[in-house]
Amino acid sequence: MTRDELSAAIVEEIGNIAPEADLTSVPDDADLREALDLDSMDIFNLVVALSQRFGIDIPDADAAHLVTLGGGADYLAQRLGTPPGASRRERPGAA
Amino acid sequence: MGTFTMPSLGADMEAGTLVEWLKHAGDVVHRGDIVAVVETHKGAIEVEIFEDGTIAELLVPEGEKVPVGTPLARIAGTGEAPPEPAEPAVTPPAKAAPTPAVEPKEMAAPPVAGRASPAARRLAAEHGVDLSGIAGSGPDRAIVRADVEKALAQPQARRRTGLDLEQMRLAIAAAMARAKREIPHYYLTHSFDASASVKTVEDYNAARAPENRILLGALLVKAVALAMREFPEFNGFYEAGRFSPSKAIHVGVAIAIRGGGLAAPAIHDTDQLTAGELMAKLRDLIARVRRGGLRSSELADATVTVSSLGERGVESLLPIIYPPQVAIVGFGAVGQRPWVVDGQVVARSVLTATLAADHRVSDGHNGALLLRRIEDLLQGAETLL
């Protein structure tokens, strides 16, 4: 999976948890808790949803990576073995 | 012959709209069965019955708005012939009735998203439809877009999801104004080192899959519930000039709704649940507060309330009692603060608990003992699991 696909997966799961949240204008590095008014229960549910979707354990200590879209995509890429930044524009040479 | 009436789902409710009958004349009903859906400012609420019998007659058609206390249906008792004339038997108020049995499947399985296609999830999210209520027709019974479209075509799928935030605001205003007008509140605040509780949660979670973990909030609610066993003057209702303590401990949990609004549904017999069960209940309640689908007993039954600000909150809160209850416990956000341990200043996870209580029923001395007891329970947090 590319980083963009992972990012889209996170967006989709947040949409399930907070259907009323508007994700279209959330920057990659924005704290989702601040930007979308997500609380600790929402982040808990996000960790559950992503761990089940990708079949990986996400330790509590790693949940901090998931509070931004960019951090979450990077974290999932690393955990799933996707080359880091496979489609990141700011890293020329990585396609 | 009994009468099933429009219940009062909180001190702030005056009327409700009967949107759907789930049982009809001739149906056998048991205590705890959901017989009707009522639309209130808290969204569509599933209303339970508190007696066994047979529905003899429905008295109010779907779509009609009626005041609290209006007879909705006549119930023939077990072994009773249905067509007898109605006696003026009064259905006991919801909060006085024993708690109906909780559906076991809710206890066992936290609500997690079932298998559904991305398109189905998107469409369901757009319309606020709960996927768990939809039968899947895709591979491995996965829910596909067509299933969601079908569900959307049925009016009730939409009807059950809506929360009228404007109405909810009016209801909060009415309840809180009444509380401030009638209840002589007193407030107590107590800060303590919550490192032990934080560590207990970390240890508990380390060995568990994400869906089986807990948040600190579950322990806070459990601690308050256990403390209520020893401090009954904070657990019950003040009505008609007198206080009635409640034997059962149903902690109401204040749940914020994004975009504004608040509900505080009850977790039944909170003191008897393990932390894991309590966490599953909290997840389920929060999901249902936000999408609709609360039950009548959950809205009327709370005997005391907990309001916890969570990790993004501020240091403390001074909450307002939800009438006819007589106490509410608030928890601020846990924060790293300087703390003196053995004469040294060290950084510790500090939590501030507050109590707002009804001075007609209790005094500050016992209130302080209650907050101390809550601290003690959280210091030995492994006993709360």
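Below, chains carry the letters A, B, ... as their sequence lines are ordered, and counting in each starts from 1.
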Visitor: With heavy-atom distances below 4.5 Å as the criterion, would you say the side chains of B:Arg283 and A:Asn45 are in contact?
Guide: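 Contact flag for B:Arg283/A:Asn45 side chains = yes.
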Visitor: Against chain B, label A:Ala61 side chain, backbone, both or neither, depending on which of its atoms sit under 4.5 Å from a heavy atom there.
Guide: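 No part of A:Ala61 comes within 4.5 Å of chain B.
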Visitor: Please list, in residue-number order, every residue in residues 30-40 of chain A that has a heavy atom less than 4.5 Å from any heavy atom of chain B; write 'none' if there are none.
Guide: A:Arg33, A:Glu34, A:Leu36, A:Asp37, A:Leu38, A:Asp39, A:Ser40
Visitor: How many angstroms lie between atom CZ of A:Phe44 and atom CG of B:Leu282, to the nearest 0.5 angstrom?
Guide: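 The CG atom of B:Leu282 is 10.0 Å from CZ of A:Phe44, to the nearest 0.5 Å.
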Visitor: Can you tell which part of B:Ile214 gets under 4.5 Å to a heavy atom of chain A, answering side chain, backbone, both or neither?
Guide: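 Just its backbone gets close to chain A.
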Visitor: Which atoms form the tightest heavy-atom contact between A:Val47 and B:Pro210, and what is the distance?
Guide: CG1-CB, 3.9 Å
Visitor: Locate the shortest heavy-atom distance separating A:Asp42 from B:Arg258; write the atom from each residue and the value.
Guide: OD2-NH1, 2.6 Å
Visitor: Quick one: pull up CZ in B:Arg208 and CG in A:Asp60 and give me the separation to the nearest 0.5 Å.
Guide: 11.5 Å
Visitor: Give, as side chain, backbone, both or neither, the part of B:Arg213 having an atom under 4.5 angstrom from any heavy atom of chain A.
Guide: both
